[in-house]
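Here is how names work: the chains are called A, B, and so on, in the same order as the sequence lines, proteins then strands, and each is numbered from 1. Please read all numbers here as calculations on a predicted model, not as lab measurements.
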Amino acid sequence: MTTTGRATAFRGQLSLPLTLLLIAPLVALLAWTFFLPIGRLLLTSVTEPTPSLDNYRRLLTEPLHLRVMLRTLLIAFGCTVSALLLGYPVAALMARPGRFWPKLTAICVLVPLWTSALVRSYAWIALIGRRGVINTALIDAGLIAQPLNMLYTSAAVLVGMTHILLPFMVLPIFSALLSLPADLPRAAANLGAGRVRTFLTIVLPLSLPGVFAGCLLVFVMALGFYITPALLGGPRTLMIATLISQQATEALDWPFAGAISTVLLLMSVGLTVAFRRVLRLDRVVAHD
Amino acid sequence: MNRGIATRNSGLSVHIDGVSRRYGRVTAVADVSLQVAAGEFLSLLGPSGSGKTTLLMMLAGFEQPDEGRLLVGDRDLTHVAPNKRGIAMVFQRYALFPHMTVAENIAFPLRTRGIGRAERDEKIRNALAMVKLDEYAARKPAELSGGQQQRVALARAIVFDPPVILMDEPLGALDKKLRQHMQVELKQLQRRLGATVIYVTHDQEEALTMSDRVAVMNHGRLVQLGFPRELYDRPADPFVADFIGDMNLLPGTITAASGSACTIQLDGGLAFGIAPHPLVAGAAARVAIRPEHVVLSPARAGAPGLQGRLTQTVFNGGTTVILVELPGGTMLHASVGTRSEQAALQPGAPVVASWAPDQAIVFSGFAPPA
């Protein structure tokens, strides 16, 4: 209530022409370096080699490409689910009263965010590679004779991506839990609810906006993830972003790369819009 | 099935037995013992930080006492989880579940008790009728006014027939008119239910109006426990005297004492009073006298009382407060009827203030007012 009030109050302080003037440099920069090239790439998908939808027909009829898209969706979905299951308890720990545990958890969540995804992906290679830390340890312990094939599998991609995307799940949920008045779980307990019932009927429903926001962030980011699948995945775990890169840099088929990019963009935008619908609906329900 | 909440069995007694709670070096509640009778309306009254809320939180089970025991009826609740205590609490900011309708909020304690649908619906209807919100069952809390949310919180607390209801400044967020209205309603509701109510407030007027008895707390200690009239007429110490109602506290020296009656030298003259504890001549003391007991008259040579000068009259409606400055600079308040002769005295006039000796209470020492 107060935040929306403040936002409306602030909205009146800058006139529209001044606002436009202030954002003009950024718009110009983005237009030249981002929107124009992207627009061109997307446009070539319907103009080259001939003005037609052939590129899209090819993408949607070739089983290989359909498999890649399906796999991307599945991995993004798996990532979202595992990030949610792993991230919710972490967010809950961060939102607890007290000092030590919330602070320590916050540090553990935030520090990896400041490390590049490339470094973290290489770290996974060092861990799960044929001669990686885990295989070496298991062989030394005499538990296995041959190194396990962990790297270059779907599981490796899933684990690596979940790890990198986890903070984007934790932070929105943390924020939702933090804004939950402490009186509500107390009232539930006072009225006879045990911990499980209090969580299921009070805490979880009221943290759903955070859950939705986290899921949306993770899912959309996972759809277009490039580095981690490229490093940790093998030929059988090809994902959309890797496919685009292959088409553009190896096959030099830019129009087809543009077609795949368009589909990826449409999926992301479509999902965001759909989720926002859900979110807005929920806001009506959850806010007092 | 026809067992409506209006005919429910009465409340249970509450026994607070030597309870203490410390946070590090700070003692929030210090060795408080208190017996609340079944069906009694007892207020815990004190300034913020006096430990009243901590005591309530311990009764609800959200805080654990370091020492002492808490009993409801014959049952020792000291180590019982909050959700197993079966006593209701009304929170300061209502703590309604924002994602549930009014009916769902009220249904919550019934669901946790596994009460079947038919009985649940009946109880919800009864509870809503009791707080006069029959039409609002399907609304969300955000769609209600503050006063209506308050009633929903109340309905949710009484719907499961709790023998004891804890209230943490439940009217604190309402405006004055509505608060006074709710005070009356709350009191009527409590009488009808027969439940024991422990009511935390910092508003002494509210405590005096609603309570059967009032427990005054200060610095974590129980300072005085008594009927509202008792606290007003016979405060046990200067803190209570100052906290409850308006009170003049005038510093002076005992000149003569026999039994409880004593004479005391104050700024502006000699005065009389009653001491709750024996005092000796020469001791420093303070006289507590209510403004409405101060009698003012135009100054005459040799008139007994305190000589002073009228500085200001403040019109308050039915009463007028007269401010008198004593020679040493001490201010004395007198409350007189607006139509009385005293109210006609003009600022600047020399006056004599006096009172009936048994209206003034003499406390020894100069304990600073909290």
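The two residues Pro98(B) and Leu184(A) make their nearest non-hydrogen contact at CD-CD1, 3.7 Å. In this structure, Asn190(A) and Ile87(B) approach most closely via the heavy-atom pair ND2-O, 2.8 Å.
Residue Leu166(B): no heavy atom, backbone or side chain, is found under 4.5 Å from chain A. Looking at Phe91(B), only its side chain comes within 4.5 Å of chain A, counting heavy atoms on both sides. Both the backbone and the side chain of Ala188(A) come within less than 4.5 Å of a heavy atom of chain B. For Arg113(B), the part sitting under 4.5 Å from any heavy atom of chain A is the side chain, from C-beta outward, and nothing else. Only the side chain of Arg197(A) comes within less than 4.5 Å of a heavy atom in chain B; its backbone stays farther off. Proximity to chain B (any heavy atom under 4.5 Å) is shown, for Thr201(A), by both the backbone and the side chain.
Between Leu191(A) and Phe97(B), the closest side-chain pair of non-hydrogen atoms falls below 4.5 Å. Using a 4.5 Å cut-off on side-chain heavy atoms (C-beta onward), Arg186(A) and Met57(B) make contact. You'll find the side chain of Ile202(A) reaches within 4.5 Å of the side chain of Met100(B), heavy atoms only.
When the shell of 6.0 Å around NE2 of His15(B) is examined, it contains more than 12 heavy atoms from other residues, nucleotides or ligands. Enclosure of atom CZ in Phe62(B) by more than 12 non-hydrogen atoms of other residues, nucleotides or ligands within 6.0 angstrom is indicated. Under a cut-off of 6.0 angstrom, the local environment of CD in Glu135(B) is sparse, with at most 12 non-hydrogen atoms contributed by other residues, nucleotides or ligands. Within 6.0 Å of the CG atom in Asp175(B), the count of heavy atoms belonging to other residues, nucleotides or ligands exceeds 12. The local environment of CZ in Phe34(A) is sparse, with at most 12 non-hydrogen atoms from other residues, nucleotides or ligands closer than 6.0 Å.
Note that CG of Asp183(A) is 6.5 Å distant from CZ of Arg93(B), once rounded to the nearest 0.5 Å.
Of the listed residues Ala60(B), Ala157(B), Ala88(B), the one with more heavy-atom pairs under 4.5 angstrom with chain A than any other is Ala88(B).
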